[in-house]
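The block underneath contains the structure these notes are about, expressed in structure tokens.
No hydrogens, no waters, no symmetry mates; every other heavy atom, side chains included, goes into these values.
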Amino acid sequence: MAQPLAREVAEEVAKLNGVCIRPVALRRLDLVTGKDEIIDVPCGATLESKCPSCAKRNRQLRMAQCREGWHLTEEPVVSPDAATEEQRWLVEFRADMQARRDAAERAGEETQDWDAVLAGLDEEINAAGMRGKIVGRTAPKRIRSTRRRQDAPNLPKRKMASTTLGRTFEAVDGQVYRPSLFVTLTLPSYGKVRDGVPVDPETYDYQRAARDALHFSKLVDRFVQNLRRVAGYDVQYFATVEPQKRLAPHLHMAIRGTLPRAEVKQIAAATYHQVWWPQTNEVRFEGEHLPVWEEEAGYLDPDTGELLPTWDQALDDLDADAEPLHLIRFGDQVDAKGVLAGTPDSDQCIRYLSKYLTKSLGEGLDNPAQRHHTARFVEALRYEPCSPTCPNWLRYGVQPKGAKPGMTPGRCRSKAHKPEHLGYAGRRVLVSRKWSNKTLAEHKQDRRTWVLEALGQADEPTDPHRYVWRPVRPGDPDLAPVGMRLLRSVAERQRWRAHLRELETRASGQDLSATEEEGRAA
């Protein structure tokens, strides 16, 4: 029993060689040659607990994306491609179907079938390589007063300039510097903590901590809006959300360009987000006493049989004097420091930005006190509504948006309620559109192209419509065991690395020969 399992050793070797340990088998049919084969595709996991190899590749990819866009000296140019014949035909066909739908509506006919056709066409338009929607927003937008709160300080506002690069500074010797910023923002205190654990759990404000985590992404959006208004240019950023020891999310942000530190702190102090949702002060249904679902009607009060108000009706009931359900702000701790391109500080900040990307928010529970703190935090999240579609709204007498049968308070499937996410359901990496002038897929293609060129293989673009991909069903006779597939991938990765080492040796030998020739010539 002390002998290691062969399968576990194979997985360990796969990890050491950067091979995915959870490959996804897909059947690929080549429509040109008719060749049918099974291809192993990496799982693409972002967490080490799922697949260390894929998580490491994703982390390195994000680091490359951050490095390429942080200290740009030229304005990124985004020029859309010209429309293809197929794209124009789809738009013309969409116009014809819209006209028929409008004619049916004027004639008093049902339009559900036409709406389904139009929705399908919109999906085909996006699949054909076009962004956005032709008709834009169709539902009316709910608007509340945009007047700033009286307890929030006013911010200066500069005239916007059409640039993303920020200011430059010229030294006495004529050298021009273009500094950038590395900013860290945290949430306020919910009670005194020691080593990440509340000193007095009974007085620790778990409800506020849970709500702040749920709406943290909205607060970050507000900060970016205020930052651009004050800076006077289209500020670009690369940010990561990481957990503090007390379980609260906080933000590390690499910002292209610079602002005075006092202004950054002023912007953080003036940034807030109000959650205009129905109130949750009164618990109307819990335990076995829950609303009853009725087809074609919705959820009913089990005592009176009355239909519960829908999400939109509950929002309409909020009068002009209503208070927001929650108000979220940043804490007093704001750290901002200048960073120059090509310095050790720049590389250190990039490593720090990606330090926790391969770990879940709930990892690192080292002792019983931290586990107890996490359990209380998750319990506080259990009945907090995380979105308009959350089943927890039934607990407070409101039908969730898009209500359907089977909803139960306390059993929301959103990742915000899962212990490993600790209330934060947003993306862990936040990148502005004009950061590096490349998408993440283009950064990945750059790395792939470099490897293939080093190996002497052609990297020719393929027609995206050439292949048909299908999942491989379990028990497929053509599917080799996972262990066999891991061994094949390890052998291929070792062959690639040996080839790369050989190329590096040749390159270093050529450089040495050139140096010796230069020495003899001198």
Side-chain angles (χ1 to χ4, degrees), residues 62 64-83 87 126 129-137 141 143 146 148 153-171 174-183 185 217-240 251-268 270-271 273 334 336-342 346 349-350 353 427 429-443 446:
R62 288 296 190 180
Q65 183 185 29
C66 180
R67 185 177 293 107
E68 287 191 27
W70 197 358
H71 303 284
L72 289 184
T73 58
E74 297 181 359
E75 198 70 39
V77 179
V78 180
S79 54
D81 299 331
Q87 292 171 345
N126 293 138
M130 288 178 278
R131 294 182 293 114
K133 293 184 178 181
I134 297 177
V135 296
R137 179 188 291 271
K141 185 177 179 180
I143 300 176
T146 58
R148 287 188 62 81
N154 293 322
L155 290 171
K157 185 177 180 181
R158 296 186 176 96
K159 185 178 180 180
M160 291 295 296
S162 57
T163 180
T164 65
L165 301 181
R167 297 184 296 174
T168 58
F169 301 88
E170 185 174 354
Q175 187 173 359
V176 177
Y177 295 93
R178 190 186 296 275
S180 296
L181 281 177
F182 183 77
V183 178
L185 301 172
S217 59
K218 294 294 185 181
L219 185 65
V220 175
D221 292 341
R222 293 289 185 268
F223 176 78
V224 172
Q225 293 173 7
N226 292 336
L227 184 68
R228 287 172 172 166
R229 291 192 184 102
V230 174
Y233 68 98
D234 191 6
V235 175
Q236 301 300 300
Y237 60 90
F238 180 100
T240 60
L251 185 79
H252 298 300
M253 178 178 285
I255 298 174
R256 188 189 305 154
T258 186
L259 278 83
R261 311 297 188 275
E263 285 192 354
V264 174
K265 294 182 178 181
Q266 184 182 3
I267 294 169
T271 299
H273 174 65
V334 178
K337 70 173 184 177
V339 181
L340 291 175
S346 176
C349 289
I350 292 174
L353 275 166
R427 290 174 288 119
V429 181
L430 311 173
V431 186
S432 55
R433 294 182 180 272
K434 300 178 183 178
W435 175 253
S436 62
N437 207 25
K438 295 179 184 177
T439 63
L440 194 62
E442 289 172 337
H443 282 287
D446 289 345

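Looking only at side-chain heavy atoms (C-beta outward), Leu251 and Leu430 come within less than 4.5 Å of each other. Contact check for Val220 versus Leu185: no side-chain heavy atoms found under the 4.5 Å cut-off. When side chains are defined from C-beta on, Arg62 does not count as touching Leu353, because their heavy atoms never get closer than 4.5 Å. By the 4.5 Å heavy-atom criterion applied to side chains, Arg158 and Val230 are counted as neighbours.
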Go through the steps for Val183 and Tyr237 under the test side-chain contact (heavy atoms from CB on, under 4.5 Å), then give the verdict.
CA-CA 10 Å; Val183 178; Tyr237 60 90; over 6 Å; no
Test side-chain contact (heavy atoms from CB on, under 4.5 Å) on Arg229 and Leu155 and set out the steps.
CA-CA 9 Å; Arg229 291 192 184 102; Leu155 290 171; over 6 Å; no
Evaluate Ile255 against Leu227 for side-chain contact (heavy atoms from CB on, under 4.5 Å), listing each step before the verdict.
CA-CA 10 Å; Ile255 298 174; Leu227 184 68; 3.8 Å; yes
side-chain contact (heavy atoms from CB on, under 4.5 Å) between Arg178 and Leu72, intermediate numbers included:
CA-CA 9 Å; Arg178 190 186 296 275; Leu72 289 184; over 6 Å; no
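Interatomic distance, Asn437 CG to Gln236 CD, rounded to the nearest 0.5 Å: 10.0 Å. If you take NE2 on His273 and CG on Leu219, they are separated by 8.0 Å, rounding to the nearest 0.5 Å. In this structure, the separation between SG on Cys66 and NE2 on His443 is 10.0 Å, given to the nearest 0.5 Å. Taken from CE in Met160 to CG in Asp234, the straight-line distance is 6.0 Å, to the nearest 0.5 Å. Separation of atoms CD (Gln266) and CG (Asn154) is listed at 9.0 Å; rounding is to 0.5 Å. The OG1 atom of Thr163 sits 4.0 Å away from the CD atom of Glu75 when rounded to the nearest 0.5 Å.
Across every non-hydrogen atom of Trp70 and Cys349, the tightest pair is CH2-CB, 3.7 Å. Contact record, Leu259 with Arg167: CA-NH2, 4.4 Å, taken as the closest heavy-atom pair. Taking every heavy atom of both residues into account, Phe223 and Val264 meet most closely at CE1-O, 4.5 Å. The two residues His71 and Ser346 have their closest heavy-atom pair at NE2-OG, 3.6 Å. Shortest non-hydrogen contact noted between Asn226 and Thr271 is ND2-OG1, 3.1 Å.
Between Phe238 and Trp435, the ring-plane angle classifies as tilted under the 30° and 60° cut-offs.
Inspection of the Arg256 and Thr164 side chains reveals an N or O donor paired with an N or O acceptor under 3.5 Å.
Within 6.0 Å of CD in Glu74 there are 12 or fewer heavy atoms belonging to other residues, nucleotides or ligands. Counted within 6.0 Å of NZ on Lys337, heavy atoms from surrounding residues, nucleotides or ligands total more than 12; the atom is thus considered enclosed.
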